[in-house]
Amino acid sequence: MLEQQETQSGAVKLEPSWKDRVGGEFGKAYMQELRQFLKKEQAARKVIYPRGSEFFAALNHTPFDRVKVVILGQDPYHGAGQAHGLCFSVRPGVDIPPSLVNIYKELKTDLGIEPAKHGHLQSWADQGVLLLNATLSVEAGRAGSHQKKGWEMFTDAIIHRLNDEREGVVFVLWGAYAQKKGAFIDAKKHFVLKGPHPSPLSAHRGFFGCKHFSKINEYLKSRGLTPIDWRLPPG
């Protein structure tokens, strides 16, 4: 599944600005081990989400220099038809997952935006919101099944590049996992927002009422940048 991930040719390509910065990761030992793991999973006829051509969808939709906001997730959704490479997002026509339902509730409270009828967040990605999961694949029906196989090192490299080479990026860290992963982010150079995860298990502990969406836009405007239009197109 990673044979073509090195962006040379084939179905899967990496956006050029990201290829320049993290393309070298594909030659490292951990990525070779990840490649072998995925090959074995595929040979065992296990169903993997998202499909291989979408592993790097977050990077391909949001080039390095256009990143304004990073929302850090953990795993892709592991249900059929859900994951497509953007954290918290699902394809049009797929039931909106509970965490995203709560994100929409907070958007309504914070900015008065009516909840979308779908869960497809590509318009956010296209405006500069990097919707990055820490792990970029998962076995169907088995949450966390591809953790500690190498993906976290790759996504750490992505975050390090943004932290080191950019200034004024908004990092949104919802939940303990995201906060631990983003602990090295330089809060003097960037705007770091932390809060509980929007999951129904924790949203009531302070995600609701966090006003992160308005805070993001206020910060972007303070830097002379266009705020994110959090409204999603119909359908």
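As a basis for the values below, the full set of heavy atoms in this structure was taken, side chains included, without hydrogen atoms, waters or symmetry mates. Given the structure is predicted, the values throughout are model-derived calculations rather than measurements.
- Through direct or indirect side-chain contacts shorter than 4.5 Å among Ile, Leu, Val, Met, Phe, Trp and Tyr, Tyr49 is connected to Val47, Val138.
- What you find for Glu15 and Asn60 is that their closest heavy atoms are N-OD1, 2.8 Å.
- Using a cutoff of 4.0 Å between basic side-chain nitrogens and carboxylate oxygens, Glu106 and Lys211 are not scored as salt-bridged.
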Yes or no on ring-ring contact (aromatic ring centres under 6.0 Å, His included) for Tyr77 and His84, after CA distance, side-chain angles and deciding distance?
-> CA-CA 9 Å; Tyr77 295 123; His84 65 105; 8.9 Å; no
Which atom pairs, donor and acceptor, lie under 3.5 Å between side-chain atoms of residues 90-99 and protein residues at least two apart or in another chain?
residue, atom, partner, partner atom, Å
Arg91, NH1, Glu54, OE2, 3.4
Arg91, NH2, Glu54, OE1, 2.7
Arg91, NH2, Glu54, OE2, 2.6

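- When the salt bridge (Lys or Arg N to Asp or Glu O under 4.0 Å) test is applied to Lys221, no partner is found at least two apart in sequence or on another chain.
- Between Tyr104 and Phe213, the distance separating the two ring centers is not shorter than 6.0 angstrom.
- In the model, Ser214 has a side-chain atom that pairs as donor or acceptor with a side-chain atom of Asp110 under 3.5 Å.
- If you check the side chains of Gln74 and Asn133, you find no donor sitting under 3.5 Å from an acceptor.
- The distance between the ring centers of Phe154 and Phe55 does not fall below 6.0 angstrom.
- In this view, Glu25 and Lys28 satisfy the salt bridge (Lys or Arg N to Asp or Glu O under 4.0 Å) rule, not counting sequence neighbours.
- Checked by atom type, the side-chain pair Ser89/His120 shows no donor-acceptor distance below 3.5 Å.
- Judged by the 6.0 Å and 45° rule, Arg161 forms no cation-pi pair with Phe64.
- Donor-acceptor pairing under 3.5 Å is recorded for the side chains of Lys181 and Thr155.
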For residues 167-180, which side-chain N or O atoms pair as donor and acceptor with protein atoms under 3.5 Å away, sequence neighbours left out?
residue, atom, partner, partner atom, Å
Trp174, NE1, His212, ND1, 3.0
Gln179, NE2, Leu173, O, 3.3
Gln179, NE2, Gly175, O, 3.4
Gln179, NE2, Gly195, O, 3.0

Side-chain donor-acceptor pairs under 3.5 Å in residues 225-235, sequence neighbours left out?
residue, atom, partner, partner atom, Å
Asp229, OD1, Arg231, N, 3.1
Asp229, OD1, Arg231, NE, 2.9
Asp229, OD2, Arg231, NH2, 3.0

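- Close placement of the His197 and Phe88 rings is indicated, their centers lying within 6.0 Å of each other.
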